[in-house]
Amino acid sequence: MADPITVEHLSAWLRHFAATVDERHEYLTELDSAIGDADHGVNMTRGMRAVVEKLDAGAPEFADDLFKAVGMALVSSVGGASGPLYGTFFLRLGTKAGHVSEVDASSFGQALRAGLEGVIARGKAEVGDKTMLDAMVPAVEAFERSAADGSGAATAADAAASASEEGRDATEPIVARKGRASYLGDRSVGHLDPGATSTAMLFRSLATALAA
């Protein structure tokens, strides 16, 4: 179990997320076909493949360099709203994590919070709008609570993953208030939000990487 979290753990997190997105891209596209542009799976796959190419070319030794590379890869390769939002998350995460090769659970919780605040600032959404924030906000809060209670990074990440999955599931019965899905009004009810779904994958990948 990972505590402290090393840059190698963080690279493993990104690779696991990339593999998950690649494996589930048709599912993400299916979700987005119902209430969006039908491109979330394709976009996220393209972006995470660009991330893996950067890692294969030589993973940075420090957290800020790693997440800056990830954020820039996503911003430059992913269209629509997903690229800027995920890119901002990783850029802010890296800035807060700092020029370090390892980080403890509490400090990583603060870095996740900075990433979340970046997404909120860019997307102008809030919990209940049926967006990725419905999974990200409870995930970060759960990580912070677990770390504050003295849990290690792996336990905190597992709590975050479970909270993000509950948040993802909570998007199904609500009416979208942001993005293309909001144009559908009541017809957006009954569908999981694709952004919340990929965000839940992101936090489950973190838990998996830190548990190894």
Side-chain angles (χ1 to χ4, degrees), residues 1-5 9-10 12-14 16-21 23-24 27-28 31 40 44 48 67 70 81-82 85-86 88-90 92-94 96-97 103-179 181 189-212:
M1 299 175 67
D3 200 7
I5 303 169
H9 288 125
L10 299 174
W13 170 29
L14 297 165
H16 191 282
F17 181 50
T20 301
V21 166
E23 179 182 344
R24 305 296 305 279
Y27 175 59
L28 291 174
L31 293 178
H40 191 58
M44 290 302 298
M48 291 312 299
F67 288 126
V70 172
S82 298
L85 290 171
Y86 270 109
T88 298
F89 173 76
F90 283 112
R92 296 287 187 91
L93 172 60
K96 185 65 177 180
V103 59
D104 62 24
S106 178
S107 296
F108 192 67
Q110 295 173 24
L112 289 173
R113 168 65 62 178
L116 167 63
E117 290 175 349
V119 173
I120 292 173
R122 177 167 287 278
K124 311 296 183 188
E126 58 187 35
V127 171
D129 284 345
K130 203 178 180 94
T131 72
M132 65 192 296
L133 286 179
D134 287 299
M136 187 174 288
V137 169
V140 173
E141 290 177 346
F143 192 102
E144 290 174 324
R145 281 196 303 272
S146 185
D149 288 342
S151 298
T155 300
D158 188 61
S162 296
S164 71
E165 289 160 355
E166 290 175 7
R168 172 203 62 200
D169 293 345
T171 64
E172 185 169 358
I174 62 179
V175 177
R177 297 197 296 254
K178 280 286 184 179
V189 172
H191 303 282
L192 292 176
D193 178 69
T197 302
S198 62
T199 298
M201 292 176 182
L202 176 71
F203 281 94
R204 180 54 66 191
S205 289
L206 176 63
T208 300
L210 298 190

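When reading the values below, keep in mind they use all heavy atoms of this one structure, side chains included, and skip hydrogens, waters and symmetry mates.
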To check you understand the geometry: which heavy-atom pair defines the closest contact between [X] and [Y], and what is its length?
{"X": "G195", "Y": "H40", "result": "CA-NE2, 3.9 Å"}
{"X": "A12", "Y": "A209", "result": "C-CB, 4.0 Å"}
{"X": "A157", "Y": "L206", "result": "CB-CG, 4.0 Å"}
{"X": "G115", "Y": "R92", "result": "CA-CB, 3.8 Å"}
{"X": "A135", "Y": "A200", "result": "CB-N, 4.3 Å"}
{"X": "L112", "Y": "F89", "result": "CD2-CZ, 3.9 Å"}

Measure the spacing between [atom1] of [X] and [atom2] of [Y] and express it to the nearest 0.5 Å.
{"X": "F108", "Y": "L10", "atom1": "CZ", "atom2": "CG", "value": "5.5 Å"}
{"X": "T208", "Y": "D158", "atom1": "OG1", "atom2": "CG", "value": "8.5 Å"}
{"X": "S198", "Y": "M136", "atom1": "OG", "atom2": "CE", "value": "8.5 Å"}
{"X": "R122", "Y": "T88", "atom1": "CZ", "atom2": "OG1", "value": "4.0 Å"}
{"X": "H16", "Y": "H9", "atom1": "NE2", "atom2": "NE2", "value": "13.5 Å"}
{"X": "I120", "Y": "M132", "atom1": "CD1", "atom2": "CE", "value": "10.5 Å"}

Backbone of [Y] reached by a side-chain donor or acceptor of [X] within 3.5 Å:
{"X": "D134", "Y": "T131", "result": "yes"}
{"X": "T171", "Y": "G167", "result": "no"}
{"X": "T155", "Y": "S151", "result": "no"}
{"X": "K130", "Y": "A170", "result": "no"}
{"X": "W13", "Y": "A207", "result": "no"}
{"X": "Y86", "Y": "T199", "result": "yes"}
{"X": "S146", "Y": "A142", "result": "no"}

- Item | R113, CZ: over 12 other non-hydrogen atoms inside 6.0 angstrom | yes
- Task: Start with the C-alpha gap between V70 and L14, add the side-chain angles, then the distance that decides, and say whether side-chain contact (heavy atoms from CB on, under 4.5 Å) holds.
- Result: CA-CA 9 Å; V70 172; L14 297 165; 3.5 Å; yes
- Could you tell me whether the side chains of S107 and D104 share a donor-acceptor contact shorter than 3.5 Å? yes
- Donor on one side chain, acceptor on other, R168 and T197, under 3.5 Å: no
- Given ring-ring contact (aromatic ring centres under 6.0 Å, His included), test F203 with F143 step by step and report yes or no. CA-CA 10 Å; F203 281 94; F143 192 102; 8.2 Å; no
- Message: Once you measure the plane-to-plane angle for F90 and F67, does it fall in the parallel (<30°), tilted (30-60°) or perpendicular (>60°) bin?
- Response: parallel
- Message: Before you tell me yes or no, could you show the steps for D129 and D193 under side-chain contact (heavy atoms from CB on, under 4.5 Å), namely the whole-Å CA-CA distance, both residues' side-chain angles and the distance that decides it to 0.1 Å?
- Response: CA-CA 10 Å; D129 284 345; D193 178 69; over 6 Å; no
- Report the C-alpha separation of R204 and E165 in whole Å, then their side-chain angles, then the decisive distance to 0.1 Å, and conclude whether the salt bridge (charged side-chain N to carboxylate O under 4.0 Å, His left out) test is met. CA-CA 8 Å; R204 180 54 66 191; E165 289 160 355; 2.9 Å; yes
- Item | CA sep, side-chain torsions, deciding dist, call: E172, H191, side-chain contact (heavy atoms from CB on, under 4.5 Å) | CA-CA 5 Å; E172 185 169 358; H191 303 282; 5.8 Å; no
